[in-house]
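Here is the naming used below: chain letters follow the sequence lines, and residue numbers restart at 1 for every chain. For clarity, every value in this text was computed on a predicted model and none was experimentally measured.
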There are 2 protein chains.
Amino acid sequence: MEHSTYQKLVVAAANLLRQKGYAATGISDILKTAGVTRGSLYHHFPGGKRDLAIAAARYSAELLLDMIEAACRKAHSEGGDYHDAMIEFCKKIYASFEKNGNWRFMTVSATLQEGGERNEIFSKEARKHYARIRMKAIDEGGKFGLSAEASYLPLRKAMLILEGSWLLSRVLGDTMPMRSAVKFIEEEKLFHELRQQAQLQISHDETLS
Amino acid sequence: MEHSTYQKLVVAAANLLRQKGYAATGISDILKTAGVTRGSLYHHFPGGKRDLAIAAARYSAELLLDMIEAACRKAHSEGGDYHDAMIEFCKKIYASFEKNGNWRFMTVSATLQEGGERNEIFSKEARKHYARIRMKAIDEGGKFGLSAEASYLPLRKAMLILEGSWLLSRVLGDTMPMRSAVKFIEEEKLFHELRQQAQLQISHDETLS
DNA sequence: CCCTGTGTAGACCGAATGGTCTAGTGCTGT
DNA sequence: ACAGCACTAGACCATTCGGTCTACACAGGG
C-alpha cells in the first residue's frame with residue numbers, strides 16, 4: 001500500500017466501508033486496520049468519519065474508472081468491440097471478488113450509504129462520481145464509434161447487475177451471484193448483435209417493399 | 001398495519017432495516033416507530049435485535065413472493081407470457097418505490113446485511129429466502145410452460161438489476177436508476193423473442209441444408 | 001539555540017448503543 | 001377471591017461510539 005498516514009487511512013477506510021457499510025464501520029476499526037492513532041485521523045480529516053468516507057469514496061471511484069479504462073484498452077488491442085470491454089470489466093471484478101472477498105470494488109454506493117435520513121452531502125458526492133463514470137463510458141464508447149447513449153446504457157446495465165450481484169454475494173457468503181452476473185453480461189453482447197441483425201432485417205424488408 | 005405488538009415490531013423493523021441497514025438501525029428507533037416499549041421487544045424476541053431482524057427478513061421475503069405471484073397471475077389473466085409477468089413485477093416495485101421512498105421491497109439482502117465479519121446465521125437465513133424465491137419462479141414459470149432454467153434465470157436477472165438500481169437510487173436520492181431498471185427489464189422480453197427467432201432461423205437453415 | 005509548524009500519540013468525554021431486570025397490569029381458569 | 005400467566009413499562013447497566021484535547025516528537029529556519 002501507500003506509506004503516508006493519509007493514504008493508509010483512505011485505503012483502510014475504503015476497504016472497511018465497502019465491506020461493512022458506513023454505520024457498521026467504527027473509527028477504531030479503521031484506526032486499527034490502518035495502524036494509525038486517533039490524533040492523526042482528526043489532523044488529516046477535521047470532519048472526522050464523514051470526511052474520511054468522502055475521501056475513501058473518491059479513491060474507490062478512481063479505481064473503478066481505471067478498471068473501465070483498462071478493460072476498454074484491452075478490448076481495443078485485441079480487436080474486440082465495446083461489449084467485449086464490458087465483459088472484460090465484469091470478469092475483472094469477478095476475479096478480484098473471488099480472490100479477496102470483495103476488495104477493490106463497489107465503491108460509491110456501498111461507501112456512501114449512510115444509515116437513515118437523506119444525507120445530502122453524501123448523495124451529492126455519489127452523484128458526482130456516477131457522473132464521472134458516465135462521462136468515462138461515453139468517452140470510451142466513442143473510441144469504438146458508438147453514440148453517447150449506446151456507450152452509456154450498456155455500462156449502466158452492467159453496473160446495475162454488478163452492484164446487485166455483489167450485494168447478494170456478500171449476504172449469501174457465496175460467489176454464485178457474481179458468477180451469474182458475468183454470464184448475464186456476456187449475454188448482452190449476443191443481445192446487441194441480435195438486435196442489430198433484426199434492425200438490418202427490418203430496413204431490408206422496407207427497402208424491398 | 002397490524003395490531004398485535006409482535007406484528008407492529010416486525011413491520012417497523014422491516015421498514016427501518018430496509019431503509020438504513022442493520023447497523024444503522026437502533027433498537028430505540030424501532031421501538032419508537034412501532035410504539036412499543038423495550039420490555040415487550042425482549043419478551044417476543046429473546047434474541048434481541050438479531051431475532052427481530054430475522055423475523056423482519058422473513059416477513060419481507062413473504063411480501064416479495066406475494067408480489068411475484070400477483071404479477072404472474074395478472075400476466076396470465078391478460079394473456080401475457082412469463083416475461084410480461086417479470087415486467088409487471090418490476091413496475092410494481094418501481095411504483096411503490098416512487099410513491100413511498102423505498103417501502104416494501106429489497107428485503108433480504110438489505111435487511112440481513114450485518115456489518116462486518118461473516119455472520120453465518122444471517123447468511124443461512126438469506127440463502128433460505130432466496131431458495132424460496134427460486135422455487136417460486138420455477139413454479140410460476142412452469143405455469144407458462146417454461147423449463148426450470150427458463151423460469152429462474154429471467155427472475156434472477158431481474159432481481160439483480162432491481163437490487164442494483166434500488167441501491168443506487170437510494171444513494172443518489174433519485175429514482176432514475178429504478179426507472180432505467182424498468183426499461184432494462186422490458187428489453188429482456190425483446191431479447192428473448194429475438195433469441196427465439198434466431199434459433200428458429202438456425203433450425204430452419206439446418207433443415208434446408 | 002530556540003521557535004514555530006506539522007504531525008502523532010493516546011487519555012478523556014458525553015451521548016448513544018444493545019441488553020437486563022424488577023415492578024406492575026390485566027386477563028385467565030378455578 | 002386468588003393464583004398463574006402473558007405481556008408491558010421503563011429504570012438501569014456496561015460498553016462502545018464519534019469526537020475533543022493536551023502533551024509530545026521532530027523537522028527546518030532564524
Side-chain angles (χ1 to χ4, degrees), chain A residues 1-57 110-117 119-122 125, chain B residues 1-57 110-117 119-122 125:
Chain A
M1 313 280 153
E2 293 297 336
H3 298 306
S4 81
T5 300
Y6 184 96
Q7 282 274 357
K8 280 195 284 188
L9 282 169
V10 170
V11 172
N15 290 337
L16 289 173
L17 288 171
R18 222 171 305 143
Q19 280 170 38
K20 329 207 303 186
Y22 186 84
T25 304
I27 296 267
S28 311
D29 288 346
I30 299 174
L31 294 175
K32 211 188 302 168
T33 309
V36 165
T37 56
R38 247 180 159 64
S40 302
L41 191 155
Y42 284 91
H43 172 73
H44 292 288
F45 301 93
K49 201 181 177 185
R50 229 179 303 276
D51 274 16
L52 184 50
I54 288 173
T111 308
L112 291 180
Q113 193 74 64
E114 203 204 4
E117 316 71 50
N119 181 329
E120 205 37 60
I121 303 170
F122 278 16
E125 279 293 310
Chain B
M1 311 285 151
E2 293 297 337
H3 298 307
S4 80
T5 300
Y6 183 96
Q7 282 273 359
K8 281 195 283 189
L9 281 169
V10 170
V11 172
N15 290 338
L16 289 173
L17 287 171
R18 221 171 307 141
Q19 279 171 37
K20 327 207 304 187
Y22 186 85
T25 305
I27 296 268
S28 312
D29 287 346
I30 300 174
L31 294 175
K32 210 187 305 167
T33 309
V36 164
T37 57
R38 250 182 155 64
S40 303
L41 191 155
Y42 284 92
H43 171 74
H44 293 288
F45 301 93
K49 201 181 178 185
R50 229 178 302 278
D51 274 15
L52 183 50
I54 288 173
T111 308
L112 290 180
Q113 193 71 65
E114 202 206 3
E117 316 72 49
N119 181 329
E120 206 37 59
I121 303 170
F122 278 16
E125 280 293 311

Minimum side-chain heavy-atom gap A:R50-A:Y22 below 4.5 Å: yes
What is the distance from [atom1] of [X] to [atom2] of [N], rounded to the nearest Å?
X: A:Y6; N: C:dT8; atom1: OH; atom2: P; value: 13 Å
X: B:K32; N: D:dT8; atom1: NZ; atom2: P; value: 20 Å
X: B:K49; N: C:dT20; atom1: NZ; atom2: C1'; value: 17 Å
X: B:I27; N: C:dT17; atom1: CD1; atom2: P; value: 10 Å
X: B:R50; N: C:dT17; atom1: CZ; atom2: P; value: 17 Å
X: A:L31; N: D:dT16; atom1: CG; atom2: P; value: 16 Å
X: A:D29; N: D:dG19; atom1: CG; atom2: P; value: 14 Å

Taking atom [atom1] of [X] and atom [atom2] of [Y], what is their separation to the nearest 0.5 Å?
X: A:E125; Y: A:I54; atom1: CD; atom2: CD1; result: 4.5 Å
X: A:T33; Y: A:L9; atom1: OG1; atom2: CG; result: 10.0 Å
X: A:K8; Y: A:L31; atom1: NZ; atom2: CG; result: 11.5 Å
X: A:R38; Y: A:I30; atom1: CZ; atom2: CD1; result: 10.0 Å
X: A:Y42; Y: A:I27; atom1: OH; atom2: CD1; result: 4.0 Å
X: B:S40; Y: B:H44; atom1: OG; atom2: NE2; result: 5.5 Å

Among B:D51, B:L52, B:T5, side-chain contact (heavy atoms from CB on, under 4.5 Å) partner for B:L41: B:L52
Close approaches to DNA chain D from residues 37-47 of chain B, in residue order (heavy atom, under 4.0 Å):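 Listed by number, they are B:T37, B:R38, B:G39, B:S40, B:H43, B:H44.
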First encountered from the 5' end of DNA chain D, between B:G35 and A:S28: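 The residue mapped nearer the 5' terminus is B:G35.
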From A:T25, A:N15, A:D29, residue fulfilling side chain to side chain donor-acceptor pair (under 3.5 Å) relative to A:K20: A:D29
Short side-chain N/O contact to D:dT8 OP1/OP2 from B:T5, under 4.0 Å: yes
Hey, what are the protein-to-nucleotides 22-27 of chain C N/O distances that come in under 3.5 Å?
none

